[in-house]
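Source: prediction; values computed, not measured. In the text below, chain A, chain B and the rest are named by the order of the sequence lines, each starting its count at 1.
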Number of protein chains: 2
Amino acid sequence: MEQEAAPKITDVARVAGVSTATVSRALSKPETVAKQTREAVLAAAAETGYRINLAARNLRRRSTGAIVLLVPNLGNPFFSQILAGIESTLSSRGLSTLMVDTKHSGSGDEFILDYLHHSRADGIISLDGSLPPSILNSPGMAAENLPIVFGCEWLQNGHYPSVRANNEQGALLAIEHLASLGHSNIGYINGPDENVLSQVRKASTKRALKDRGVPVREDWFFAGDFTLESGASVARKWMKMEDRPSAIFCANDEIAFGLISELHQSGIRVPDQLSVIGYDDIDIAKRYIPALTTIWQPRFELGQTVAELLLKGVTDGGFGDTIQVKTLPVRLIIRQSTSAP
Amino acid sequence: MEQEAAPKITDVARVAGVSTATVSRALSKPETVAKQTREAVLAAAAETGYRINLAARNLRRRSTGAIVLLVPNLGNPFFSQILAGIESTLSSRGLSTLMVDTKHSGSGDEFILDYLHHSRADGIISLDGSLPPSILNSPGMAAENLPIVFGCEWLQNGHYPSVRANNEQGALLAIEHLASLGHSNIGYINGPDENVLSQVRKASTKRALKDRGVPVREDWFFAGDFTLESGASVARKWMKMEDRPSAIFCANDEIAFGLISELHQSGIRVPDQLSVIGYDDIDIAKRYIPALTTIWQPRFELGQTVAELLLKGVTDGGFGDTIQVKTLPVRLIIRQSTSAP
DNA sequence: ACGTTACATGTAATCGATTACAAATGCAAT
DNA sequence: ATTGCATTTGTAATCGATTACATGTAACGT
């Protein structure tokens with residue numbers, strides 16, 4: 001195995017007959033060297049197969065050209081559009097993205113901490129609103145003022161910039177839709193209790209029901225956790241009830257699928273016997289049976305917006321005292337899982 | 001903004017009253033320093049809020065403690081289990097994972113190349129079998145002998161280790177299931193033509209049909225691209241046909257959903273009028289309506305296996321001439337989308 | 001012809017952690 | 001008391017690219 005050492009900048013310099021400084025400049029600030037030299041350097045770089053050593057560059061520049069993206073669960077297709085939006089914005093500015101699944105990353109908090117301290121990333125985008133405080137309050141975190149922004153989810157007590165979809169509006173649209181169809185027995189399946197989105201969607205659902213004059217039945221507010229199975233489990237409860245809601249609003253699409261599917265197994269049809277609304281409008285929602293009525297969020301745009309917000313923080317070296325919170329509008333997509341009772 | 005400089009190893013050394021060498025050792029090879037010193041250093045590190053600068057470490061160590069994971073499409077939930085398997089194996093060995101979506105990463109080939117050359121990653125796992133040759137043949141690539149392994153997909157002409165699911169067996173199981181139900185008019189919807197998995201599944205389907213004595217009808221072999229919409233589009237074609245297959249095997253689950261959903265819109269029911277089999281057994285398959293008969297792959301295990309293979313390559317500094325190809329068995333999961341014709 | 005400016009390039013210090021090697025210390029065996 | 005060995009710690013070179021500063025050169029105006 002004749003492992004030849006990777007060519008370094010001195011090798012290129014020698015081949016091109018210039019100094020390392022010139023090579024460096026020709027590569028990263030081409031306009032500062034004479035055309036002729038630049039071409040010689042480029043040719044030498046190609047000839048030697050030179051690839052920059054990013055560790056060395058990062059060490060010297062004290063920046064990494066990368067940002068860390070914390071995602072609560074990559075398995076949920078909901079995130080893919082957001083990721084695409086983030087990626088497209090960041091890469092157009094020459095930044096690369098390191099994705100980390102906060103649920104999987106076995107190594108725990110300490111692992112994430114290492115990213116945060118300017119040695120691996122220039123900034124952080126978190127789609128996870130449940131970062132352990134141990135991380136955010138870690139010594140240095142505050143002082144270092146590393147740019148961090150939240151997308152979709154956010155931190156309840158912590159002043160960080162964030163971009164959100166309008167969850168209040170989403171709940172309102174869903175409830176108004178059901179109420180206007182004539183439903184007055186409306187239930188709700190929540191996501192995990194500790195999740196901000198769950199909390200807001202649940203509270204907003206209650207408020208919307210009240211505002212509309214629809215009774216709020218606590219026993220029709222079911223616990224869930226954003227999974228298919230939690231929806232299925234509510235289906236079983238629903239079937240056992242004497243007094244049932246005629247419509248259920250779910251905190252995300254997966255819950256809705258689990259619910260509809262389990263009901264279907266027992267011969268109960270949606271929307272004939274129960275109207276169901278989801279949340280997120282993931283790709284399959286349109287192709288489920290029945291096609292799912294749901295709340296659409298501007299996922300790609302949200303990704304772009306959060307990335308732009310971060311970029312501002314990165315170039316300004318922090319956010320100072322102007323902590324922006326942007327809220328994007330959502331839309332109700334009416335399909336076939338809802339009907340009059 | 002009183003941006004205090006991040007504490008470095010010299011700061012810790014000063015506080016602990018030892019040299020930087022001792023700090024470094026106390027942190028990364030604790031057993032080589034006296035207990036008392038070790039504790040003093042740890043205390044000093046905690047006090048100063050010291051975080052290692054990975055750029056400096058990587059530069060000096062000439063390794064990164066990270067591997068790059070190339071994923072063709074993070075939006076497909078199929079990958080999440082594989083990612084989990086990879087993550088769990090790698091992180092148990094102290095390696096972190098940088099995920100890159102090869103479809104999105106706007107910056108193109110060059111961007112990926114930079115990862116590959118020992119400056120950002122110690123190895124590569126690719127779940128994408130369509131890496132442009134420009135990358136793999138790039139100067140230095142061969143010489144540097146950087147550990148790279150493929151999972152799921154693989155490169156047709158390129159000798160790299162890989163871990164695959166048994167696609168021949170998958171097609172065989174699907175066809176045998178349909179045939180044994182009594183189907184003799186069997187169609188197939190393929191993934192993208194250039195994809196290895198598409199190619200193998202299609203060829204294996206043909207072989208299985210032949211072996212079973214079922215006629216192979218070229219006009220029943222439809223083109224697709226692994227998306228919901230491509231399945232829907234075949235549904236429209238199917239409905240227009242005079243002479244139709246009574247069962248269709250799809251190269252993945254999403255195609256199957258698109259197919260079933262579009263048929264459903266026109267009042268055609270699965271499995272009554274058409275039996276459908278998918279491939280992958282993504283989570284929603286079990287909760288689709290009807291629940292989808294499909295081919296299950298050991299995704300988590302595949303992830304673990306490919307990670308272990310890579311780890312071997314990383315520790316051995318390459319694979320030498322022993323290019324392993326592992327093939328894992330798949331299973332037929334019979335649900336409700338198939339029945340006798 | 002001379003000074004000024006603009007531009008191109010080179011020299012060498014620097015980023016922060018690791019580690020080869022040297023030095024110091026303590027202990028046991030002779 | 002002396003030697004040898006093991007253990008612990010310190011000194012300083014090193015990883016590879018960037019960039020402040022110095023130097024050199026050409027072009028221009030007067």
Side-chain angles (χ1 to χ4, degrees), chain A residues 3-42 44-45 48-66 114 117-122 140 144, chain B residues 3-42 44-45 48-66 114 117-122 140 144:
Chain A
Q3 188 88 306
E4 342 171 3
K8 27 195 222 176
I9 204 168
T10 51
D11 299 317
V12 179
R14 184 164 18 79
V15 173
V18 297
S19 73
T20 62
T22 303
V23 174
S24 175
R25 280 188 286 251
L27 262 30
S28 44
K29 299 191 208 109
E31 70 284 2
T32 64
V33 308
K35 183 156 174 266
Q36 202 185 350
T37 346
R38 191 191 321 143
E39 281 163 4
V41 170
L42 261 35
T48 53
Y50 173 74
R51 291 277 132 196
I52 196 166
N53 181 315
L54 288 175
R57 163 183 284 183
N58 294 346
L59 175 58
R60 179 61 228 236
R61 285 205 182 155
R62 304 155 128 280
S63 84
T64 64
D114 280 335
H117 290 265
H118 270 298
S119 59
R120 237 184 195 171
D122 299 340
E144 284 192 36
Chain B
Q3 188 90 305
E4 340 172 3
K8 29 195 221 176
I9 204 167
T10 51
D11 300 317
V12 180
R14 186 165 17 78
V15 172
V18 297
S19 75
T20 61
T22 303
V23 174
S24 175
R25 280 187 287 252
L27 262 29
S28 45
K29 298 193 210 106
E31 71 283 2
T32 64
V33 309
K35 181 154 176 266
Q36 201 184 351
T37 344
R38 191 190 323 143
E39 282 162 2
V41 170
L42 261 33
T48 52
Y50 173 74
R51 291 275 130 197
I52 196 166
N53 181 316
L54 289 175
R57 161 182 286 184
N58 294 345
L59 175 57
R60 180 58 227 236
R61 285 204 180 156
R62 303 156 131 280
S63 83
T64 64
D114 280 335
H117 289 265
H118 270 298
S119 58
R120 235 183 196 172
D122 299 339
E144 285 192 36

Would you say [N] has OP1 or OP2 under 4.0 Å from some side-chain N or O of [X]?
X: B:T22; N: D:dG10; value: yes
X: A:R60; N: C:dT14; value: no
X: B:K29; N: C:dT18; value: no
X: B:Y50; N: C:dG16; value: no
X: B:R62; N: D:dC15; value: no
X: A:T37; N: C:dT9; value: yes

Starting at [atom1] of [X] and ending at [atom2] of [N], how long is that distance when rounded to a whole Å?
X: A:R57; N: D:dG16; atom1: CZ; atom2: C1'; value: 12 Å
X: A:L27; N: D:dG16; atom1: CG; atom2: C1'; value: 13 Å
X: B:R25; N: C:dT19; atom1: CZ; atom2: P; value: 10 Å
X: B:L59; N: C:dG16; atom1: CG; atom2: P; value: 12 Å
X: B:R61; N: D:dG16; atom1: CZ; atom2: C1'; value: 17 Å
X: A:L54; N: C:dC15; atom1: CG; atom2: C1'; value: 15 Å
X: A:N53; N: D:dG16; atom1: CG; atom2: C1'; value: 6 Å
X: A:I9; N: C:dT9; atom1: CD1; atom2: C1'; value: 14 Å

Rounded at 0.5 Å granularity, tell me how far CZ in A:R60 sits from CG in B:L59. 12.5 Å

In Å and rounded to the nearest 0.5 Å, what is the CD1 to CZ distance from B:I9 to B:R57? 9.0 Å

Do A:S28 side-chain atoms and A:R25 backbone N/O form a donor-acceptor pair below 3.5 Å? no

When you match A:T10 and B:Q36 each to their closest nucleotide on DNA chain D, which lands nearer the 5' end? B:Q36

Relative to the 5' end of DNA chain D, which residue comes earlier, B:A56 or B:G17, by the nucleotide with the nearest heavy atom? B:G17

Base, sugar-phosphate, or nothing for [X], non-hydrogen atoms under 4.0 angstrom?
X: B:V18; answer: sugar-phosphate
X: B:A21; answer: base
X: B:K35; answer: nothing

5'-most contact on DNA chain C (nearest-nucleotide basis), B:K8 vs A:S19, goes to A:S19

Let's go through B:V18 and B:V41 carefully: what are the C-alpha distance in whole Å and the side-chain angles of both, what is the deciding distance for side chain to side chain contact (heavy atoms under 4.5 Å, CB included) to 0.1 Å, and is it a yes or a no? CA-CA 8 Å; B:V18 297; B:V41 170; 4.1 Å; yes

Less than 4.0 Å between a side-chain N and a carboxylate O, is that true for A:K8 and A:D11? no

